[in-house]
Amino acid sequence: MSRNSSNPGLGETVTAAAIARRFYLQGHSKLEIAEEFGISRFKVARILSTAQERGLIRIEFDMPYPIDVPLSDEIRSVYGLRQVLVLNRARTREERPEQRRRIGALAAELLSEIVTPDDVIGLSWARSVNAMAESIRSLPSCPIVQLCGVQAGMDMRDRSVETVNRVAAATGGQAYPIYGPLVLPDRRTAQILREQPGIAETFARFRQLTKAVVSIGAWQEGESTVYDALSPAEREAIGRRGATAEVAARLFDAEGNALSTGLAHHVLAITQEELRRVPEVIALGYTEPKAAAIDAVLRSGIVTTLITDAEAAEALLERSTKRAAPTPPQD
């Protein structure tokens, strides 16, 4: 009677263990193992795969950071991003401030790893970017540039000017703030302010940016700095035009297309074209209700690196799966 293939014998198990030991622990190539055991390298690959399926081999990642590696890799692949960091799901339910703190800490850790003295860093204000600034202890000395004006009604400590100054102090570099409101009453006022010496100097730095950290906002109350700065009538009018997401005061529809509205001419902020030219754009976007906005911004092609949480990541994968599903034939 032949042995059931799903229940390997002693000899087969020992051979598989020996092959796995050579490959995973001793660093031998599949070709070297094949020559030693007198089998093809394809059979070596099958043995390793089968051993993993049967539990003989268990691969574990002892990450020093709270990252969900499989989810991170899936999101990176689906959206074609350079890098994705998905925050591990918390063991207990987290309140929004704690999520924000953890997202900010991840962003600070990433910046400390990738920033060089040759960089020019842009910051678009958001509570998560502010949390990142509070977690930064030191960076190489480089210019820090504010990408958007100040949102009205914010506590001084939390305003974008203070965030930029805080990061500049950590780097020892020059701060380039925007001492002006985010949304102006009309196009002429915005143009006059852009030409003021201090603001003009900051705007000139937009062309030199090498890295930018931005937040992804959803077009709803409390989730977008621009939305919160507008009147109810203006919000509704822009919403009817398909506004789904906001990044650095620039709006996008659900498909990731830049949305053209009159708003673009009376905000003090980097343009969508200038942001698109930045080589590395790190976006912070988290929580499941923001999934549609995050999806839209990722599809725009502006973002190179995403920092998010597990709930949002799973919602993004669900959206991409539905999008890829074939449309049923029409009768």
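Just so you know, residue 1 is the first one in the sequence shown, and it goes up from there.
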Report task. Dump the intermediate steps for salt bridge (Lys or Arg N to Asp or Glu O under 4.0 Å) on Glu314 and Arg89, then the final yes or no. Result -> CA-CA 11 Å; Glu314 288 169 352; Arg89 192 185 305 277; 2.5 Å; yes
Report task. Return yes if a side-chain donor-acceptor contact under 3.5 Å exists between Glu95 and Gln99, otherwise no. Result -> no
Report task. With the side chain counted from C-beta on, respond yes when Leu209 and Leu275 share a heavy-atom pair under 4.5 Å apart, and no when they do not. Result -> no
Query - Residues Arg166, Asn130; criterion side-chain hydrogen bond (donor to acceptor under 3.5 Å, both in side chains); working and verdict - result: CA-CA 9 Å; Arg166 191 177 299 130; Asn130 194 46; 2.7 Å; yes
Query - Under-4.0 Å salt bridge between Arg96 and Glu223 - result: yes
Report task. Please determine if Arg82 and Glu280 form a salt bridge, counting it only when a charged side-chain N lies under 4.0 Å from a carboxylate O. Result -> yes
Query raised in the report: Cut-off 3.5 Å, side chains only: do Thr244 and Asp253 have a donor facing an acceptor?
Result: no
Query raised in the report: Is there a chain of hydrophobic side chains (I, L, V, M, F, W, Y, each step under 4.5 Å between heavy atoms) that links Ile114 to Val120?
Result: no
Report task. Using a strict cut-off of less than 4.0 Å between a Lys/Arg side-chain nitrogen and an Asp/Glu carboxylate oxygen, indicate whether Arg207 and Glu274 qualify as a salt bridge. Result -> no
Query - Which atom of Thr304 lies closest to which atom of Leu81, heavy atoms considered - result: O-CB, 3.6 Å
Query raised in the report: Can we say Glu318 and Lys322 salt-bridge, meaning some charged N sits less than 4.0 Å from an Asp/Glu carboxylate O?
Result: yes
Query - Ion pair check, Arg102 and Asp309, cut-off under 4.0 Å - result: no
Query - Partner residues of Thr189 under the side chain to side chain contact (heavy atoms under 4.5 Å, CB included) criterion, sequence neighbours left out - result: Leu184, Pro185, Asp186
Requested in this report: Give a yes or no on whether Leu85 and Leu284 share a hydrophobic cluster (residues Ile, Leu, Val, Met, Phe, Trp, Tyr; joining criterion: side-chain heavy atoms under 4.5 Å apart).
Outcome: yes
Query raised in the report: Do the side chain of Glu113 and the main chain of Glu109 share a donor and acceptor less than 3.5 angstrom apart?
Result: no
**Report entry** Minimal non-hydrogen separation, Tyr79 against Leu298, with atom names
**Finding:** CD2-CB, 3.6 Å
Requested in this report: Could you pull out the closest heavy-atom pair between Ala108 and Ser135, with the gap in Å?
Outcome: CB-CB, 3.6 Å
Query raised in the report: Do the side chains of Phe252 and Ile238 join up, straight or via other hydrophobic residues, at under 4.5 Å, putting them in one cluster?
Result: no
Query raised in the report: So which pairs with a foot in residues 227-251 pass salt bridge (charged side-chain N to carboxylate O under 4.0 Å, His left out), sequence neighbours left out?
Result: Glu236-Arg240
Report summary line: Smallest heavy-atom separation, Arg194 atom then His265 atom, equals NH2-O, 3.6 Å
Query - NZ/NE/NH1/NH2 to OD/OE distance under 4.0 Å, Arg54 and Glu12 - result: yes
Query raised in the report: For the side chain of Thr321 and the backbone of Leu317, is there at least one donor-acceptor N/O pair under 3.5 Å apart?
Result: yes
Query raised in the report: What pair of heavy atoms forms the shortest contact from Ala170 to Ile136, and how long is it?
Result: CB-CG2, 3.7 Å
Report task. May I ask you to say whether Glu32 pairs ionically with Arg22, meaning some side-chain N is under 4.0 Å from a carboxylate O? Result -> no
Requested in this report: Spell out, yes or no, whether Phe203 and Ile121 are grouped together once hydrophobic residues are joined by side-chain heavy atoms under 4.5 Å, including indirect joins.
Outcome: no
**Report entry** Student check: side-chain heavy atoms of Thr171 and Val115 closer than 4.5 Å
**Finding:** no
Query raised in the report: At their closest point, which heavy atom of Ala312 faces which heavy atom of Ile294, and how far apart are they?
Result: CB-CD1, 4.1 Å
Query raised in the report: Same cluster or not: are Leu147 and Leu139 linked, directly or through other Ile, Leu, Val, Met, Phe, Trp or Tyr residues, by side-chain heavy atoms under 4.5 angstrom apart?
Result: no
Query raised in the report: Can Glu273 and Arg276 be counted as an ion pair, charged N to O under 4.0 angstrom?
Result: no
